[in-house]
Amino acid sequence: MNSPQEARWKEALAPLRAAGLWRELQPLQPEGDGGIRLRDAQGHALLSFASNDYLGLAGHPALRVAAGAEMMLSGVGAGAAPLLGGERPVHAALAAALAQWLGVEAVLLFGSGYLANLGIFAALVGRSDGVFADRLNHASLVDGARLAGARLQRYRHGDLNHLETLLQRHGGGRRWIISDGVFSMDGDIAPLADLVRLAERHDATIMLDEAHAFGVIGAGGRGSAAHWQLEPARVGVRMGTLGKAFGVYGAFVAGSQTLIDLLRHRARSFVYHTAFPPMLAAAALAALGLVQGEEWRRERLRSHVRRLRGAATPGSWIASDTPIQPLLVGEAGHSLALSRALREQGLYVPAVRPPTVPMGAARLRITLSAAHGPEDVDRLRLALEQCR
Ligand SMILES: *Cc1c(COP(=O)(O)O)cnc(C)c1O
């Protein structure tokens with residue numbers, strides 16, 4: 001293809017290749033139940049430290065059985081938007097169980113976290129509102145704020161003095177404080193207790209993205225509010241995903257009945273999306289049982305974190321107590337070389353490069369799973385020490 005359009009697209013791609021930022025999709029086949037043993041297209045076995053399936057639930061027999069049974073009952077796809085006949089009893093059961101787990105009045109299911117974040121902003125945030133966002137928030141939160149046409153002001157990561165200065169300056173409409181509960185690329189926990197105090201002092205509403213927190217931190221896996229021992233109602237809006245610690249797919253917003261009523265009417269990414277497959281709602285319901293009931297999975301993760309961080313490495317650990325353990329390397333090319341060296345030893349640890357992380361902050365994003373054994377963590381430790 002040599003059309004002028006093709007030439008322009010090639011031109012856009014050329015600098016990415018040159019800067020070591022080229023990306024390819026690589027199909028990897030999981031083997032067994034834990035989701036950490038993969039086989040690549042060439043048949044090589046890989047031990048993965050790349051998954052957000054922190055509790056090791058994606059391949060769990062209980063989820064497979066629940067999904068299979070629901071599929072036999074309801075078919076595969078929901079076939080319609082939730083408000084136009086796509087809502088199934090299992091969706092309602094999942095929403096009710098999530099609400100009860102989190103101690104909130106109501107929950108609304110979305111097709112994905114990305115859709116949920118776009119919908120929340122479009123539904124709740126007005127053009128004259130001030131949106132105050134941590135600089136390391138997930139891309140979907142940034143896109144949501146832009147879509148809502150709100151004035152987006154980003155504060156330095158975790159810098160509450162900076163946030164307070166911005167809050168004081170704001171003269172327009174309502175104030176929103178937006179943060180990841182656990183930051184997706186750095187793995188650190190947002191200082192929610194302080195954010196809540198600031199929000200209450202400046203009449204702001206908190207919107208918290210719990211994609212990496214629900215299931216992982218707090219008593220019973222109830223996320224950041226539980227971790228900081230805060231009343232759930234003090235965090236106005238919480239978004240959680242079902243594709244990470246729950247091992248499935250989809251997302252939800254948790255809060256008051258009024259919030260959920262409003263989102264059901266106004267969140268366009270809810271109103272105009274096809275309800276997610278009922279078999280996935282059944283799998284998520286099974287996952288919730290394990291998230292609540294099997295505390296050993298979180299204990300095991302904590303012990304893996306301690307074990308890994310003893311390693312002498314070719315980079316520097318970013319401070320994190322969660323299963324996201326980023327090893328800062330700096331140069332994109334260097335992170336890629338390191339990732340390749342590990343891969344030759346049968347370890348899959350992807351390099352995360354700009355634009356996902358800031359320039360000069362390329363890293364290995366190591367994620368731990370309850371499906372790993374201590375011997376798996378030791379294998380990675382040893383390999384990292386050898387790469388020094
Ligand atoms: C993964 C992620 C999302 C998007 O969720 P999906 O269900 O994958 O669309 C949103 N926010 C954060 C912080 C995430 O890590």
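FYI, the numbering just counts along the sequence from 1. Each ligand, and each atom within it, is numbered from 1 in the order the structure gives.
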Please output the side-chain donor-acceptor pairs of residues 227-250 that fall under 3.5 Å, not counting sequence neighbours, one pair per line with the distance.
{"unit_1": "W228", "atom_1": "NE1", "unit_2": "A190", "atom_2": "O", "d": "3.1"}
{"unit_1": "R234", "atom_1": "NE", "unit_2": "E200", "atom_2": "OE2", "d": "3.0"}
{"unit_1": "R234", "atom_1": "NH2", "unit_2": "E200", "atom_2": "OE1", "d": "3.0"}

Any residue meeting ring pair (Phe, Tyr, Trp, His ring centres under 6.0 Å) with H44, in chain and number order, not counting sequence neighbours: none
Parallel, tilted or perpendicular: rings of F214 and F252 (30°, 60°): parallel
Residues in the immediate environment of ligand 1 (any heavy atom closer than 4.0 angstrom): S112, G113, Y114, N117, H138, S140, D180, S184, D209, A211, H212, T241, K244
D188 side chain to H157 side chain, donor-acceptor N/O pair below 3.5 angstrom: yes
Quiz: residues 77-89 side-chain donor-acceptor pairs under 3.5 angstrom, not counting sequence neighbours:
{"unit_1": "R88", "atom_1": "NH1", "unit_2": "G85", "atom_2": "O", "d": "2.9"}
{"unit_1": "R88", "atom_1": "NH2", "unit_2": "A78", "atom_2": "O", "d": "2.9"}
{"unit_1": "R88", "atom_1": "NH2", "unit_2": "G85", "atom_2": "O", "d": "3.4"}

Min side-chain heavy-atom separation S335-R353 under 4.5 Å: yes
